[in-house]
Amino acid sequence: MSYWQNVRKPQRACPRIRLGFEDSVGRPVQSLGIASAFPQAVRYLMIRTRFAPSPTGYLHIGGVRTALFNWILARQSGGQFILRIDDTDAGRNVEAALQPILDGFRWLGMDWDEGPEVGGAHGPYFQSQRGELYADAIAKLLASGHAYRDFAKPEELQALREAARESGQAFVYDRQWMAEDDATIEKYEAEGREGVVRLKMPREGQCVINDLIRGEVVVEWASEQDHVIARADGSPLYHLASVVDDHAFGITHVVRAAEHLPNTPRQVFIAQSLGYPLPTYAHLPYVAEPGGTAKLSKRKLDKYLKNRDFANLMARGKAIAERCSLTTEDDTFNPVLVDFYREIGFLPDALLNYLMLLGWSLDGEHEKFTREEMIKLFTLDRVNKAPASFDPAKLTSFQADAFAGLPDDQRTELVKPFAIAAGWVESGDAASEQRLADVVAAAGDRLKMAGDIIDFDYCFVDDYQINDKAYQKRIVKPAKAVELLAKLRDHLSACDDFSAAAVEKFVNDFCEQESIGLGEIIHALRVATTGAAGGFGMFDTLAVVGKERTLSRIDQTLAKVS
RNA sequence: GGUCCCUUCGUCUAGCGGUCUAGGACACUGCCCUUUCACGGCGGCAACACGGGUUCGAGUCCCGUAGGGAUCACCA
C-alpha cells in the first residue's frame with residue numbers, strides 16, 4: 001500500500017502534491033544507488049515538522065529517533081524542521097539546560113531551519129515568550145464557550161477522582177464549580193477560591209483521529225476530561241500552547257511518540273474550537289528497554305545493566321571515560337542518552353542509521369544507509385506499530401561497521417581527541433601524531449569506536465599491564481618460552497632498523513636459526529612486549545612499541561618469571 | 001480500575017490470501033582462513049501468543065481470549 005492509499009481522510013494544512021521520481025531539488029532518484037530500486041513516488045510538498053524538547057539538560061535516545069523522523073520528513077520534502085522549546089513550566093535555568101540539547105542536535109547533524117539561535121519568521125521559539133498568543137487563544141475559547149472558568153479546589157477534584165476510580169467508573173467532572181457568568185465568578189472568588197480555565201469537552205459523539213501510522217483511532221468524547229488549559233494566574237498549560245504553536249508555525253505533520261496518542265483528542269478539540277485546520281498526525285511506537293517492552297527510561301539504568309549487551313556497552317564507555325578522564329559523575333553518562341555516544345566516540349551517522357531501523361524498515365533486507373539514503377528512502381507508511389526494543393549490541397555493530405569503513409586518516413582524526421585526553425599524543429607534536437596514525441592504521445577494524453584506542457595503551461606508554469592469564473599460558477607454561485625469549489632478546493638487540501619489515505626479517509631469521517616455527521615464539525613475544533593476549537599484527541606492534549621498550553619489556557618479563 | 005494501543009526467531013524486522021517446509025540483520029554457535037585478536041567465507045540454533053470463524057486455501061481478513069504497554073496532573 002502506498003503512502004497515498006494509507007491516508008483515509010485527508011486533513012492537511014498544505015496541499016498534497018505528486019512529485020514524481022525525483023527528490024526535493026529535482027535530481028532523479030536513480031543517482032542514489034539502492035534508492036533507485038525504491039522510488040518513493042508520492043510525497044507531500046513542503047512538510048513542516050517540529051521537535052519540541054523541554055529543556056531538561058539531556059537528549060534521550062528515543063527523543064532523537066522522533067526528531068530524526070521529523071527531520072527526515074522535512075528534508076525529503078524540501079520543507080522545514082523546527083525546534084520549539086517547551087518551557088512553559090517555569091523557566092528555571094532554561095539556557096543551561098538547553099545547550100546540551102542543541103549540542104546534541106549539532107553533533108548528530110540534524111540542523112533546524114527555525115528555532116533557538118537561528119530564529120525564523122514565526123518566532124519566538126520559546127513558549128515562555130509566547131504568552132500573548134496563548135492568552136488570546138484562551139480568551140477566544142472562553143468567549144466561544146469551548147472553555148470555562150472552574151473554581152474547584154484540587155483536593156475536591158481529587159476526592160471525586162478517587163471515588164470514580166473506586167467504583168470502577170471513568171471519572172467525569174460534573175462541572176459543579178464551573179462559572180460561566182460574572183456573578184458566579186465573583187461569588188467563588190469571594191469564597192477565596194481560585195479559578196483555572198478548563199476545556200468544555202463534548203460529552204457525546206466520537207473523536208476520530210486519522211493517524212498515518214495507526215490508521216483510524218476512535219475515542220468517545222465522553223471518556224475525555226475537561227482538561228485545564230490555564231492556571232489561576234492565567235499561565236497556559238502544555239496542550240493549549242502546543243496546539244496554538246503548531247498552528248502558528250504552520251506545522252503540517254505532528255510526528256511524535258505514541259504516548260501522546262491519548263492526548264490527541266483534547267488537542268483536536270482545542271484546534272477545532274479555535275478554527276484551526278488539523279495537522280496530519282503520526283504516532284510512533286516508543287523505544288522500549290533492552291530485552292523488554294516497557295518504555296526506555298533514563299532512570300532505570302540499574303535494571304538495564306542486568307542485560308548483558310547493555311552492561312557491555314556501559315562497561316566499554318566507563319573504561320574509555322576513565323582512561324580519557326571524562327566525567328562520568330553526572331547522569332548524562334548513560335547509554336540511554338545521546339551524550340554517552342558522543343563521549344566515547346560513536347559516529348552520528350551510525351547512531352542515526354540504527355535508530356531509524358527501530359520501528360522502521362525498508363524491505364527487511366537493506367539496513368545500512370548513508371544519510372542521503374535515509375532522507376531518500378524513509379516513509380511513514382513503513383513505520384511499525386509495536387514498540388521496538390533498544391538493542392545495544394546491534395547499535396554497536398552498526399557503529400563498528402561504519403567506523404571500519406572510514407579511511408585511516410579520518411579515523412585518526414576521530415581518535416586523536418581520545419589519545420590526547422589519555423595523554424598519549426600531544427597536539428601538534430609530529431612524532432606522537434605519527435605514532436597514533438600508525439597505531440590506527442595497524443589496528444584496522446579492531447577499533448569499533450574512536451574511544452577503543454584505549455586498548456592500545458601499550459603502544460604509547462612505558463608502563464603496561466600484563467594480562468595474567470595470557471602470561472601463564474604463553475610464558476610460564478610452555479617449556480621453552482623463557483629460554484627462547486631470552487635468546488630472541490639478544491638477537492633483537494642487534495636489530496637497528498626497527499621497522500615492521502626489518503623486525504619481521506630478524507624474527508624469521510631467528511626462528512630458522514633455532515629451527516622453530518614462528519608460532520612457537522610469537523605468543524610469548526606478544527605477551528612479553530604488550531602484556532595482552534591479542535592485538536594487531538605482531539611486527540607492526542613491535543615497530544610501534546619501538547626497540548627500547550621492546551627490549552626492556554622482555555627484560556621485565558624475564559625478571560618476573562625467574 | 002477507566003480509556004487507548006500493541007502481539008512473526010533472544011532482539012530489530014520481511015511478509016500486504018496460495019511463491020512460507022516463514023526470508024534478512026544483530027546476538028549466540030560450529031567449521032574454514034590465520035602468528036594472536038579481529039575481519040572475512042561457509043554452516044547451525046531459533047518465531048507466526050492462543051481459540052474460534054471467513055475461505056478451496058490464513059502468518060496474512062474478522063471476532064474473541066490471554067499477555068504486554070501507554071495514558072489517566074493546575075508536568076511537558
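Naming: A, B, ... by sequence-line order, numbering from 1 per chain.
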Measuring only the [atom1] atom in each nucleotide, how far is [N] from [M]? A whole number of Å is fine.
N     : M     : atom1 : answer
B/G18 : B/G59 : C1'   : 13 Å
B/C48 : B/A22 : C1'   : 8 Å
B/C61 : B/C6  : P     : 12 Å
B/A49 : B/U8  : P     : 6 Å
B/G41 : B/G24 : P     : 14 Å
B/U11 : B/C16 : P     : 23 Å
B/G51 : B/G15 : C1'   : 23 Å
B/C31 : B/G23 : C1'   : 24 Å

Checking all strands, does [X] fall into the base, sugar-phosphate, or nothing category for heavy-atom contacts under 4.0 angstrom?
X        : value
A/Ala442 : nothing
A/Gly537 : base
A/Asp445 : base
A/Val228 : sugar-phosphate
A/Phe171 : nothing
A/Val527 : nothing
A/Asp233 : nothing
A/His239 : base
A/Gly535 : base

So, A/Lys303 and A/Glu289, do they make that salt bridge, N to O below 4.0 Å?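 Salt bridge between A/Lys303 and A/Glu289, a charged N being under 4.0 Å from a carboxylate O: yes.
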
[N] [atom2] sits how many Å from [X] [atom1], rounded?
X        : N     : atom1 : atom2 : value
A/Met538 : B/U34 : CE    : P     : 19 Å
A/Leu542 : B/U36 : CG    : C1'   : 12 Å
A/Asp391 : B/U13 : CG    : P     : 11 Å
A/Asn467 : B/C37 : CG    : P     : 13 Å
A/Ile270 : B/A76 : CD1   : C1'   : 14 Å
A/Phe390 : B/G10 : CZ    : C1'   : 16 Å
A/Asp452 : B/A38 : CG    : C1'   : 12 Å
A/Tyr134 : B/C74 : OH    : P     : 19 Å

Report yes if at least one side-chain N or O of [X] is closer than 4.0 Å to OP1 or OP2 of [N]; otherwise report no.
X        : N     : value
A/Arg382 : B/G15 : yes
A/Ser361 : B/A14 : yes
A/Asn312 : B/A27 : no
A/Thr88  : B/A76 : yes
A/Lys295 : B/A70 : no

What class does the angle between the rings of A/Trp360 and A/Phe369 fall in, given that below 30° is parallel, 30 to 60° is tilted and above 60° is perpendicular?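 Rings of A/Trp360 and A/Phe369: perpendicular, as their planes differ by over 60°.
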
At their closest point, which heavy atom of A/Gln127 faces which heavy atom of A/Asp87, and how far apart are they?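 Nearest heavy atoms, A/Gln127 then A/Asp87: N-OD1, 3.1 Å.
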
Heavy-atom side-chain contact between A/Asp452 and A/Val415 under 4.5 Å: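 A/Asp452 vs A/Val415: side chains apart.
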
When only distance counts, do a donor and an acceptor, one from the side chain of A/His260 and one from the base of B/A70, lie under 3.5 Å apart?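 Between B/A70 and A/His260, which were checked side chain against base, a qualifying N/O pair under 3.5 Å is absent.
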
State whether the distance check finds a donor on one side and an acceptor on the other, under 3.5 Å, for side chain A/Arg446 versus base B/C37.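 By the distance-only test, yes, there is a pair.
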
Residue [X], side-chain heavy atoms: nucleotide from [options] that is nearest:
X        : options             : result
A/Val219 : B/U35, B/A76, B/C4  : B/C4
A/Ala393 : B/U36, B/G1, B/A27  : B/A27
A/His523 : B/G68, B/C74, B/U36 : B/U36
A/Thr293 : B/G69, B/U7, B/C4   : B/G69

Polar side-chain atom of A/Arg198 near backbone of A/Asp226 as donor-acceptor pair, under 3.5 Å: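 Answer holds: yes.
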
Kindly indicate, with the supporting measurements, whether the criterion side chain to side chain donor-acceptor pair (under 3.5 Å) is fulfilled by A/Arg266 and A/His239. CA-CA 8 Å; A/Arg266 84 188 69 162; A/His239 295 289; 2.9 Å; yes

Watson-Crick/G-U partner (both atom distances under 3.5 Å) of [N]:
N     : value
B/C39 : none
B/U71 : B/G2
B/C26 : B/G10
B/A49 : B/U65
B/C16 : none
B/U34 : none

I would like to know whether A/Ile475 and A/His523 meet side-chain contact (heavy atoms from CB on, under 4.5 Å); could you show each step before the answer? CA-CA 8 Å; A/Ile475 293 178; A/His523 304 295; over 6 Å; no

For A/Phe346 and A/Phe403, I'd like to know if the aromatic rings sit close, meaning centre-to-centre distance below 6.0 Å.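 No.
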
Earlier contact from the 5' end, RNA chain B, for A/Pro53 and A/Ser389: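 Here A/Ser389 is the residue nearer the 5' end.
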
5' priority, RNA chain B, between A/Arg161 and A/Phe539 [closest heavy atom]: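 By nearest-heavy-atom nucleotide position, the 5'-most residue is A/Phe539.
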
Which atom pairs link the protein and nucleotides 19-25 of chain B when you take only N or O atoms and keep those under 3.5 Å?
from  : atom 1 : to       : atom 2 : distance (Å)
B/G23 : N2     : A/Gly364 : O      : 3.2
B/G24 : N2     : A/Glu367 : OE2    : 3.3
B/G24 : N3     : A/Gly364 : O      : 3.4
B/A25 : O2'    : A/Glu367 : OE1    : 2.5
B/A25 : O2'    : A/Lys394 : NZ     : 3.4
B/A25 : N3     : A/Lys394 : NZ     : 2.9

Will you find, in the side chains of A/Tyr238 and A/Asn263, an N or O donor that is under 3.5 Å from an N or O acceptor?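 Note: A/Tyr238 and A/Asn263 side chains miss the donor-acceptor criterion.
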
A/Lys505, NZ: over 12 other non-hydrogen atoms inside 6.0 angstrom: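 Counting neighbours around NZ of A/Lys505, 12 or fewer heavy atoms of other residues, nucleotides or ligands fall under 6.0 Å, so no.
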
Face-on cation placement of A/Lys368 at A/Phe398 ring, 6.0 Å and 45° thresholds: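 Output yes; distance and angle both within limits.
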
Going through the distances and angles, do A/Tyr458 and A/Gln465 end up as a side-chain contact (heavy atoms from CB on, under 4.5 Å)? CA-CA 8 Å; A/Tyr458 56 76; A/Gln465 297 290 313; over 6 Å; no

